[in-house]
Amino acid sequence: MSSAAPTAPDAAPEQAFRLADQVNRRSRAVRLLAGVRRHRLDLLAALVCAVLAGWVTHGLWPDPAGRTLALNPEDQALYEWFLAVDARALLGDFGLLTDRLNAPDGVNMMANTTVIALGIVFAPLTLLLGAPVTFALLAAANLAGTAFAWYLLFHRTLRARRLAAALGGGLCGFGPGMISQTNSHLHMTAQWLVPVIVWLVVRLLQASDPGPTTLDGTGRDRSPGPDRRRMLTSAAGLAAAVTAQVFIGEEVLFLAAVTLLVMAISYAVADRDLARRALPGFAGGLAVAAGLALLVLGYPLWFQFAGPQGVADGMFTPAYFSADLSSWWTISPLSVAGSDQSARLTTGPAEYNTFLGWPLLLVAAICAIWVGRRRLVLACVVAGLVVGALSLGPEVVLGGTRTALPGPYALIGGLPVVDGALPMRFALALLPIIATLVVLAVDRALRGTGRARRLVPLAVGAALLPIFPTPLPTAERPAVPEFVSGGHWRQCVRPGGVLVPVPLPTPKEPWPMRWATAADAAFGLPEGFFIGPYGRGGTAAMGTFKQPTSALLADVARRGDQPAIGDEQRRQAARDAEFWGASCIALADDAPHAESLRATLEQLYGPATRIADAWIWRV
């Protein structure tokens with residue numbers, strides 16, 4: 001009895017705590033369920049975006065390591081290598097100058113489209129399942145994320161009805177240009193931060209506006225004034241978003257900045273009172289955002305343009321990468337109503353940026369007229385005309401024929417940074433511009449009555465249907481040699497050392513880079529597929545100069561003929577191996593003209609050693 005007395009008071013608090021914990025857990029579950037119910041339509045929109053993105057890229061999913069995008073496999077090999085190198089940041093082995101390619105000079109990571117931020121964020125997945133899985137995931141996630149981010153901007157910021165916002169977001173994320181860029185250009189399809197940047201710019205503008213001047217009885221201004229706290233948070237957020245986008249894709253940021261600049265000027269001309277009230281605070285906020293961003297970006301940008309292996313100019317010819325005027329009213333071959341014959345109007349399957357089709361152009365023009373003289377509409381129309389004109393390049397091309405008519409791009413061509421963006425990619429900025437016009441029109445129709453309530457959404461849907469995307473073509477790719485996938489490469493090269501695959505990787509045939517990708521970039525390679533200062537006069541070029549031995553082996557792989565090898569060739573082979581810092585040279589069984597290559601290598605470096613499915617020479 002005496003022992004039972006003190007336990008009764010102690011049991012009551014314990015039971016109370018348990019009861020309170022149960023109540024809290026039930027309360028959290030109720031709040032979670034309520035949140036799901038409240039946002040169920042938004043969650044449904046996200047699910048639809050994810051399903052559509054998965055369908056477009058579904059050819060990769062059965063076997064990401066064994067499948068490749070059939071229309072641009074070279075760039076896929078490059079980006080998978082980028083992801084493998086980026087992932088090494090998780091292992092403490094990463095720098096803006098990597099020695100894992102182009103040994104011994106290395107590659108400037110900032111001068112290449114290395115999607116550093118994405119590679120680091122997804123590093124655990126890459127190290128666990130391999131870069132091909134990460135590539136396939138990002139190819140789909142970029143489409144879905146971009147579409148959903150624009151949907152949220154249209155719905156939350158423009159206050160558009162969900163159907164209107166969904167149509168606009170779908171066009172931004174799954175328009176012809178986005179689908180074609182998904183053929184391996186991860187840096188161009190990762191646009192889901194652009195709506196965030198737009199929202200932050202709008203938020204900064206709103207916070208900078210003190211409102212119309214209101215005077216009290218004494219003649220004093222009683223307007224609320226700028227919201228300085230909101231201005232500061234918007235500027236800080238903008239700096240963070242811009243910084244992240246630089247490490248994802250600078251070209252997308254450049255296109256967004258040009259478009260926003262044109263829209264801001266147009267809006268200011270249309271609403272001079274707003275410009276006069278908000279410009280000082282808005283400009284100050286942008287200056288703060290730029291200053292904060294430069295604290296992080298200053299050194300990486302210097303490294304990109306002036307650091308080791310950096311390049312200060314673009315390497316692509318603007319005249320070649322100009323949009324054909326007739327492509328604007330043509331439907332993309334990657335759309336349900338497209339034709340393969342129209343592919344002749346662009347430079348390749350990853351650049352169907354202007355293939356919007358005449359139905360969408362016509363409906364967009366009608367939407368702009370029907371919505372009325374709103375300042376946002378005017379800004380969109382002006383920006384659309386500007387970026388559309390710039391996409392035509394320095395000389396207008398019509399139906400594949402150069403007309404000798406100068407294009408507006410000639411006015412800005414050659415300026416710093418400008419030539420780093422291909423002219424035809426200015427057209428990518430038209431997707432959100434046209435989407436905004438569509439959203440405004442459909443939203444107005446849905447809020448009204450009469451025939452327009454049904455007619456406008458149906459007309460927009462009919463215009464979007466011909467450009468509905470088809471799944472991206474995929475194909476099987478050869479397996480990586482077991483010599484690499486099985487880790488046997490460690491028998492002839494230490495981690496961090498240089499392995500020389502035969503033939504060596506080139507921009508047109510980067511396949512040996514898949515060896516390094518499969519090994520998580522644990523060893524380096526000579527030469528390769530990258531942008532470096534190897535053009536005339538140190539200008540930007542793709543790849544590097546081939547060493548004499550590399551050129552000799554490439555010729556054997558191409559023709560199958562065995563060249564005459566003498567003492568001079570053997571001495572040159574030794575010098576080249578020393579120049580590369582090579583630990584060993586490897587020839588896989590599936591190499592082109594493998595027998596001829598093996599015989600040539602044995603004359604250059606002596607007898608080979610067999611390891612798994614490869615012959616190796618330690619040098």
Just say parallel, tilted or perpendicular for the rings of [X] and [Y], cut-offs at 30° and 60°.
| X | Y | result |
| --- | --- | --- |
| F303 | Y299 | tilted |
| H185 | Y79 | tilted |
| F148 | Y151 | parallel |

Counting distance only, does the side-chain N/O of [X] pair as donor-acceptor with the main-chain N or O of [Y] below 3.5 Å?
| X | Y | answer |
| --- | --- | --- |
| S180 | Y352 | yes |
| D99 | G106 | no |
| T114 | M110 | no |
| T126 | A87 | no |
| R88 | D520 | yes |
| Y605 | A573 | yes |
| R570 | L604 | no |
| W150 | P195 | no |
| Q181 | M188 | no |
| Q245 | G249 | yes |

Compare all side-chain heavy atoms of [X] with those of [Y] and state whether any distance is below 4.5 angstrom.
| X | Y | value |
| --- | --- | --- |
| N353 | F426 | no |
| I248 | W192 | yes |
| N102 | Y534 | yes |
| L129 | T134 | no |
| Q76 | L60 | yes |
| Q491 | T609 | no |
| L472 | L334 | yes |
| E351 | L422 | yes |

Going by atom types alone, do [X] and [Y] pair a side-chain donor with an acceptor below 3.5 Å?
| X | Y | answer |
| --- | --- | --- |
| Q304 | E250 | yes |
| T182 | T189 | no |
| E80 | T517 | no |

So, taking the atom named [atom1] in [X] and the one named [atom2] in [Y], what distance separates them when rounded to the nearest 0.5 Å?
| X | Y | atom1 | atom2 | value |
| --- | --- | --- | --- | --- |
| T544 | Q309 | OG1 | CD | 7.5 Å |
| W199 | R156 | CH2 | CZ | 10.5 Å |
| F82 | F529 | CZ | CZ | 7.5 Å |
| L297 | L292 | CG | CG | 11.0 Å |
| T474 | L71 | OG1 | CG | 9.5 Å |
| Q191 | I197 | CD | CD1 | 10.5 Å |

Between [X] and [Y] (salt bridge meaning N to carboxylate O under 4.0 Å), is one present in this structure?
| X | Y | result |
| --- | --- | --- |
| E74 | K508 | no |
| D93 | R100 | yes |
| D589 | R610 | yes |

For the residue pair [X] and [Y], what are the closest heavy atoms and their distance?
| X | Y | answer |
| --- | --- | --- |
| I531 | N112 | N-OD1, 2.6 Å |
| I116 | L96 | CD1-CD2, 4.4 Å |
| F94 | A89 | CB-CA, 3.6 Å |
| A518 | V484 | CB-CG1, 4.2 Å |
| P533 | V311 | N-CG1, 3.8 Å |
| P512 | P503 | CG-O, 3.4 Å |

**Prompt:** Counting only heavy atoms not in R228, do more than 12 fall under 6.0 Å of its CZ?
**Reply:**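 No, the 6.0 Å shell around CZ holds no more than 12 heavy atoms from other groups.
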**Request:** Verify side-chain hydrogen bond (donor to acceptor under 3.5 Å, both in side chains) between Q572 and D576, making sure each step is shown before the conclusion.
**Result:** CA-CA 6 Å; Q572 183 63 56; D576 289 340; 2.8 Å; yes
**Asked** Does NZ or CZ of R514 fall inside the cone over W81's six-membered ring, less than 6.0 Å from its centre and within 45° of the axis?
**Response** no
**Request:** For side chain to side chain contact (heavy atoms under 4.5 Å, CB included), just list the numbers for D86 and L118, CA-CA rounded to whole Å, side-chain angles, deciding distance to a tenth of an Å, and then say yes or no.
**Result:** CA-CA 8 Å; D86 295 338; L118 296 181; over 6 Å; no
**Asked** Can you check side chain to side chain contact (heavy atoms under 4.5 Å, CB included) on D42 and H155, steps first, answer last?
**Response** CA-CA 10 Å; D42 293 339; H155 178 54; 4.1 Å; yes
**Message:** Before you tell me yes or no, could you show the steps for F523 and C492 under side chain to side chain contact (heavy atoms under 4.5 Å, CB included), namely the whole-Å CA-CA distance, both residues' side-chain angles and the distance that decides it to 0.1 Å?
**Reply:** CA-CA 11 Å; F523 54 77; C492 70; over 6 Å; no
**Request:** Apply side chain to side chain contact (heavy atoms under 4.5 Å, CB included) to the pair R67 and R477, showing each step before the final yes or no.
**Result:** CA-CA 6 Å; R67 306 287 298 177; R477 56 178 167 181; 5.8 Å; no
